[in-house]
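Here the structure is laid out as structure tokens; the discussion comes afterwards.
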Amino acid sequence: MHPSATQQQRITRREHSGFGIAAFVIALVTMLSAMVATPLALVLQALSPRPLDPTTDAGKLIFGAIAVLVAFDLVATGLAVAALRQDGRSRVFPMIAFVIVGLTVVAIGIVVFLVSLAY
């Protein structure tokens, strides 16, 4: 027996969105960068007398890295939203990108909060 037309429509696979894949890649790179930058920033903080002072070189580097990571997360979020708005495309990569972006932003916020408690 041949499946009916509606069953065949359910069987057909949706193509992945280019925006969704780009959002996923950017979110993944941002998460991995944050994982590498966090220990380096903590070491830099331990070696510097006033690391959270934005006028020092260490402070500029730490705050600059945080700003760049958050900016890339915003770009990934925008691309994920654009991918979710496309009809007939798979929503797997944009949803994974949203989860990764959320985890990265929360992790950065927790680290910043814990470091600010130390001062």
Roughly how far, to the nearest 0.5 Å, is the CG atom of D87 from the CZ atom of R85? 9.0 Å
Counting heavy atoms not belonging to F98, are there more than 12 under 6.0 Å from its CZ? yes
Using distance only, find each side-chain donor-acceptor pair of residues 19-44 under 3.5 Å and give its atom names and separation, not counting sequence neighbours.
| from | atom 1 | to | atom 2 | distance (Å) |
| --- | --- | --- | --- | --- |
| T30 | OG1 | I26 | O | 2.7 |
| S33 | OG | V29 | O | 2.8 |
| T38 | OG1 | A34 | O | 2.7 |

Linking Ile, Leu, Val, Met, Phe, Trp and Tyr by side-chain heavy atoms under 4.5 Å, what else ends up with L103? V99
So if you build clusters from Ile, Leu, Val, Met, Phe, Trp, Tyr with side-chain heavy-atom gaps below 4.5 Å, do I100 and V75 land together? no
Are I62 and L69 co-members of a hydrophobic cluster defined by side-chain heavy atoms under 4.5 Å apart? yes
Write out all pairs satisfying salt bridge (charged side-chain N to carboxylate O under 4.0 Å, His left out) with one or both partners inside residues 89-100, taking only residues at least two apart or from two chains. E15-R89
Grouping I, L, V, M, F, W and Y whenever their side-chain heavy atoms are under 4.5 Å apart, do V68 and L74 come out in a common cluster? no
Out of curiosity, does L47 fall in the hydrophobic cluster containing L61 (side-chain heavy atoms, cut-off under 4.5 Å, transitive links)? no
